[in-house]
Number of protein chains: 2
Amino acid sequence: MKAGLQELLEDIQRVENLETFQSATERLRDLLGLSHVVYHWVNSVGERFGAGTYSSEWVDRYLEKDYLRMDPVIFGCFQRFTPVNWKQLDWSSKAAKAFLHDALAHGVGNQGYSIPIRGPNGQFALFTINDTSSDEAWETLIAETERDLVIIAHEFNKRALALDAREESAPAPTLSPRETAAVTHIAKGLSRAQAAAEMGISEHTLRVYIEAARHKLGALNTTHAVARALSNGLIIV
Amino acid sequence: MKAGLQELLEDIQRVENLETFQSATERLRDLLGLSHVVYHWVNSVGERFGAGTYSSEWVDRYLEKDYLRMDPVIFGCFQRFTPVNWKQLDWSSKAAKAFLHDALAHGVGNQGYSIPIRGPNGQFALFTINDTSSDEAWETLIAETERDLVIIAHEFNKRALALDAREESAPAPTLSPRETAAVTHIAKGLSRAQAAAEMGISEHTLRVYIEAARHKLGALNTTHAVARALSNGLIIV
DNA sequence: TCGCCCCTCGCTATTTCTGGGGAGGGTGAA
DNA sequence: TTCACCCTCCCCAGAAATAGCGAGGGGCGA
């Protein structure tokens with residue numbers, strides 16, 4: 001592992017806000033000798049955050065032009081699990097070519113490598129490094145640092161999730177065993193009567209469980225309760 | 001990185017089926033000198049697979065007793081992103097204690113470390129190492145191999161996803177934008193009427209979307225459709 | 001052009017769920 | 001022991017979802 005990296009990884013776990021996140025990306029960029037390092041994520045509530053070394057002009061332009069919807073990096077990474085070299089992506093569409101041209105004009109390097117990461121509840125993040133170099137030099141660099149990058153990306157995401165969790169401050173309700181079973185059966189598509197039969201209890205009793213679960217979860221109706229239970233990992237279908 | 005590990009990682013990418021997956025876990029177990037190594041995953045269609053070194057008696061018993069629903073390891077990992085030491089988990093419930101007792105009686109070691117991994121479309125996997133040892137020895141081992149384990153887990157998952165993608169005759173249902181929006185609103189607890197109002201369409205139209213989504217997802221009712229859409233990562237509440 | 005899928009709207013009858021209200025006994029922790 | 005929570009069962013009326021039928025216009029790729 002590269003010198004100084006270990007220390008940076010530990011500092012990442014002490015990050016408290018977007019500004020310090022940003023300075024971590026800057027340190028990493030300098031450490032690896034790259035043009036850019038960017039960490040960008042969408043939390044479970046759908047809010048987007050970004051910390052990185054792109055110029056503010058480029059970030060503004062990206063948002064203004066809604067490039068998020070045509071960026072092949074986003075597109076490609078959302079569908080896969082493994083890290084991706086930008087050269088592997090599909091840049092054939094007209095929109096993609098225009099986007100690339102604009103990106104290069106705003107200081108983005110021609111080479112990139114992005115690592116998609118997924119957390120609970122649909123959390124999604126992208127860790128990207130970017131530079132200007134030849135294909136050969138880039139591939140050598142990637143081969144050398146690939147594994148470190150995966151570790152770094154994970155450290156970033158771990159911290160981002162921790163910060164998210166702290167803000168949400170949801171007390172995370174727990175369901176009783178019978179409530180869990182009842183909600184699970186309903187989530188599997190059984191009707192109340194079927195679920196009750198499955199559990200060997202009366203439909204009335206089953207209803208009490210579902211109602212109790214609904215109240216605990218703060219759900220508006222049964223379907224909502226199932227959705228929340230699933231999102232919170234309280235049940236597994 | 002431990003000697004022989006590099007070679008094993010490369011071999012993982014040549015795995016072709018469950019049997020060779022299994023032998024990879026056995027090699028890893030021997031390499032690290034552990035009691036067990038298990039890789040278990042749920043693909044985007046909800047099918048479960050497992051490859052590991054647990055005795056077949058234990059695997060059978062696990063399935064028979066439906067331990068999946070009370071296993072604190074599954075529960076804990078489903079709710080988090082970062083690797084977890086089994087000792088950190090909540091073993092206080094009665095069911096958890098009974099499960100632990102049974103597990104120990106079937107050759108499962110007292111120490112465990114599990115890495116949750118999430119892929120596209122709600123894919124979820126768990127990479128676990130297990131051994132019998134003291135808390136101190138275990139923590140030392142984890143500290144030493146933590147990063148290698150993350151890499152290994154990723155290599156396993158990369159291959160599992162590749163194999164899934166190849167086999168998957170199930171065309172992985174996709175929802176149209178309006179269907180997605182409709183299902184999302186229902187998942188948030190809105191009634192049909194409210195969801196329709198939110199989308200600015202008639203309730204009848206909304207119903208058509210929900211029905212279409214239900215059929216695509218092979219769901220028995222609306223709640224089931226919501227559960228499947230969530231599990232497959234098609235919607236985010 | 002044809003076919004497929006998407007988007008939009010309508011009707012009816014039946015089944016199911018929802019939201020209140022009760023009651024009693026069991027268990028585990030403070 | 002008390003208190004809180006869990007498990008079980010019951011009634012009812014109104015609201016909502018379901019299953020089935022129908023219609024038409026638009027877009028996109030073969």
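Lettering of chains follows the sequences in order, A, B, ..., and the numbering in each one begins at 1.
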For B/Tyr209 versus B/Arg178, what's the shortest heavy-atom pair and its separation?
CZ-CB, 3.7 Å

Of the non-hydrogen atoms in B/Ala153 and B/Ile117, which two are nearest, and what is the gap between them?
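Looking at all heavy atoms of both residues, the closest pair is O-CD1, 3.4 Å.
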
Calculate the interatomic distance between B/Gln194 atom CD and D/dA15 atom C1'; express it in whole Å.
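Computing the B/Gln194:CD to D/dA15:C1' distance gives 12 Å.
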
Please give, in whole Å, the distance from C/dT16 C1' to A/Ile210 CD1?
14 Å

For the backbone of A/Glu155 and the side chain of A/Gln13, can you confirm whether one donor and one acceptor N or O come within less than 3.5 Å of each other?
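Yes: the side chain of A/Gln13 pairs with the backbone of A/Glu155.
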
Under 3.5 Å, side chain of B/Gln111 to main-chain N/O of B/Ser133, donor-acceptor pair present?
yes

Taking for each residue the nucleotide of DNA chain C with the nearest heavy atom, is it B/Leu175 or A/Glu211 whose nucleotide lies nearer the 5' end?
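Result of the comparison: B/Leu175.
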
In residues 214-224 of chain A, what residues come within less than 4.0 Å of DNA chain C, judged by heavy atoms?
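Output list: A/Arg214, A/Leu220, A/Asn221, A/Thr222.
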
What side-chain donor-acceptor pairs closer than 3.5 Å can you find for residues 180-189 of chain A, not counting sequence neighbours?
residue	atom	partner	partner atom	Å
A/Thr180	OG1	A/Ser176	O	2.8
A/Thr184	OG1	A/Thr180	O	2.6
A/His185	ND1	A/Ala181	O	3.1

Salt-bridge criterion met for A/Glu16 and A/Arg159 (N-O under 4.0 Å)
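Judged by the 4.0 Å cut-off on N to carboxylate O distance, A/Glu16 and A/Arg159 do form a salt bridge.
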
Is any side-chain N of the basic residue among A/Glu139 and A/Lys87 closer than 4.0 Å to the acidic one's carboxylate O?
no

Indicate the ring-plane relationship of B/Phe21 and B/Trp41, choosing parallel, tilted or perpendicular according to the 30° and 60° boundaries.
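Ring orientation, 0 to 90° scale: tilted.
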
In B/S/- notation, 5' to 3', how is nucleotides 7-13 of chain D contacted by protein heavy atoms closer than 4.0 Å?
SBBB-B-

